[in-house]
Amino acid sequence: MTAEISIRGVTRRFGAQAALDGVDLDVRPGELLALLGPSGSGKTTLLRIIAGLEWPDSGTVMFGGQDAMERHVRERGVGFVFQHYALFRHMTVFENVAFGLRVRPRAQRLPRAEIARRVHTLLNLVQLDWLADRYPNQLSGGQRQRVALARALAIEPRVLLLDEPFGALDAKVRKELRRWLRSLHENVKVTSVFVTHDQEEALELADRVVVMANGRIEQVGTPAEVYCTPASAFVHEFLGDTNRLECRVEGGRALLADGTPIGRAEDIMGSAIAYVRPHDVTLAPAADGPGIIRHVHAVGPLAQLVVELGGVEIDVAIPADSWARLGAGRGDRVAVTVQAGTLFPQRATRGIPMQPLLPASPILSLVRNNTVYSGRPIHHPE
């Protein structure tokens, strides 16, 4: 499959700072791709370079196999949606959506009746046809963002680019619009790239997620792939809640600083970092158990706990009914079992996918010096 957008070796510097450092990326036709990362990771700079609003110091951007660098921004067939809508306040909703069609060169301009038909079709698509005669200041934030999307789609763009499209909205409206945008994308099927720092937004909306840090791509994959099989320590820490446990590996066992074993690891020795999700830790009643419950927040379907283990505090999330059956409280001792995690020995930079685990199955995945060593079980210590 030919990539709709192909980016090769794109670098962009601002002074001594590299906003992008040799980025390679392919965007597939018709997909909804998320650029996800913290502030300063380079995601917005990359989006603006794709649009033609920013120019790289080196590298190439291809649209459908053709060099986009030779095209003016108007010739790239790109629709751009900004975080703060950028609607024309003196124009009605109808006029805002029609603007891109009306300012085309006369030879390319559609007849007035066709423009009106297309605008009303789009306003129906974004469920705002009844507000066609309103002005932006008469709309809610969510409605304004839908108008901005309709305006971007009016020119029938080859690529739709969205820069933090829901960042200016409150949490409830943002969640509603995420679902709406996903549904809209299923209908229009335009190749779309959106920038966000919101993990939940990226994982819920995107077909694939590009995780970025310090101007580089850390990992590209489906939402399930980047969450369940993080390729680096950064991805593991950035996506979702996780416990970062410093440990050392001796005699095939991963040990916390005080010697408490948390898992078994073969073929390595020395310092390591174990990453364990709160929901991958289970507890059991044990008067002499190594864990001590320090805090409990049992509201809703999950009980959120802080458990001291081996001198460090770890977050634990268990179903509310499991917490009720545990019959423990703050200050009680419990047995602690790590059911899954990822181990990064010292100087290792990449991780491997976690596998579903059963009792006495592997509890820590293993990489060493960027080489996958696995397949072999890493058993919970007896």
Side-chain angles (χ1 to χ4, degrees), residues 4-5 27 29-33 44 47-55 61 63-64 66 68-169 177 180-181 183-195:
E4 182 68 29
I5 305 171
V27 183
E31 80 170 331
L32 182 56
L33 184 80
T44 295
L47 193 77
R48 290 176 62 83
I49 286 175
I50 294 172
L53 300 175
E54 200 78 57
W55 209 256
V61 178
F63 277 28
Q66 298 182 338
M69 309 291 286
E70 298 179 353
R71 299 180 184 178
H72 188 275
V73 61
R74 291 191 300 267
E75 301 170 334
R76 294 195 184 192
V78 167
F80 206 105
V81 179
F82 298 91
Q83 177 178 346
H84 293 286
Y85 327 126
L87 299 178
F88 300 113
R89 291 180 292 176
H90 65 289
M91 293 183 181
T92 64
V93 166
F94 180 94
E95 292 166 340
N96 265 282
V97 177
F99 179 79
L101 299 172
R102 288 176 171 169
V103 298
R104 283 177 170 173
R106 185 177 297 275
Q108 300 173 18
R109 196 177 308 160
L110 297 172
R112 182 174 297 182
E114 176 59 21
I115 290 176
R117 185 199 66 78
R118 185 177 295 185
V119 171
H120 283 297
T121 297
L122 282 167
L123 288 176
N124 272 314
L125 186 65
V126 300
Q127 302 168 0
L128 291 178
D129 196 44
W130 59 288
L131 294 175
D133 295 328
R134 300 274 184 93
Y135 288 87
N137 64 359
Q138 297 174 306
L139 307 179
S140 69
Q143 289 169 339
R144 278 180 252 175
Q145 194 58 289
R146 280 190 276 165
V147 173
L149 277 162
R151 183 178 63 182
L153 290 170
I155 62 171
E156 297 183 325
R158 179 173 189 167
V159 174
L160 180 64
L161 305 177
L162 306 100
D163 188 9
E164 298 275 9
F166 311 131
L169 304 173
L177 276 185
W180 172 82
L181 179 60
S183 177
L184 177 68
H185 183 264
E186 294 298 325
N187 288 327
V188 298
K189 285 296 183 185
V190 61
T191 303
S192 304
V193 182
F194 73 98
V195 160

| Arg76 side chain to Ile50 backbone, donor-acceptor under 3.5 Å | yes

| message | Is the shortest side-chain heavy-atom distance between His120 and Phe94 below 4.5 Å? | response | yes

| query | So, do Leu125 and Val188 sit near enough that their side-chain heavy atoms are less than 4.5 Å apart? | reply | yes

| Close side-chain approach of Gln145 and Val81, heavy atoms under 4.5 Å | yes

| So, Gln66 and Arg71: side-chain donor and acceptor under 3.5 Å apart, yes or no? | yes

| Which of these, Leu184, Leu149, Val193, Thr191, sits in a side-chain contact (heavy atoms from CB on, under 4.5 Å) with Leu160? | Leu149

| message | Quick one, Ile155 and Pro157 - any side-chain contact, counting heavy atoms below 4.5 Å? | response | yes

| task | For the residue pair Arg151 and Leu87, establish whether any side-chain heavy-atom pair is separated by less than 4.5 Å. | result | yes

| query | Hey, is CZ on Arg112 packed in by over 12 heavy atoms from elsewhere, all under 6.0 Å? | reply | no

| Side chain of Gln108, backbone of Pro105: donor and acceptor closer than 3.5 Å? | no

| message | Main chain of Ser140, side chain of Gln143: is a donor-acceptor contact present, judged purely on distance under 3.5 Å? | response | yes

| said: Quick one: does any side-chain atom of Asn96 pair with a main-chain N or O of Met91 as donor and acceptor, under 3.5 Å? | reply: yes

| Charged N to carboxylate O under 4.0 angstrom, Glu95 versus Arg102? | no

| More than 12 non-hydrogen atoms from neighbouring residues, nucleotides or ligands closer than 6.0 Å to CG on Asn187, yes or no? | yes

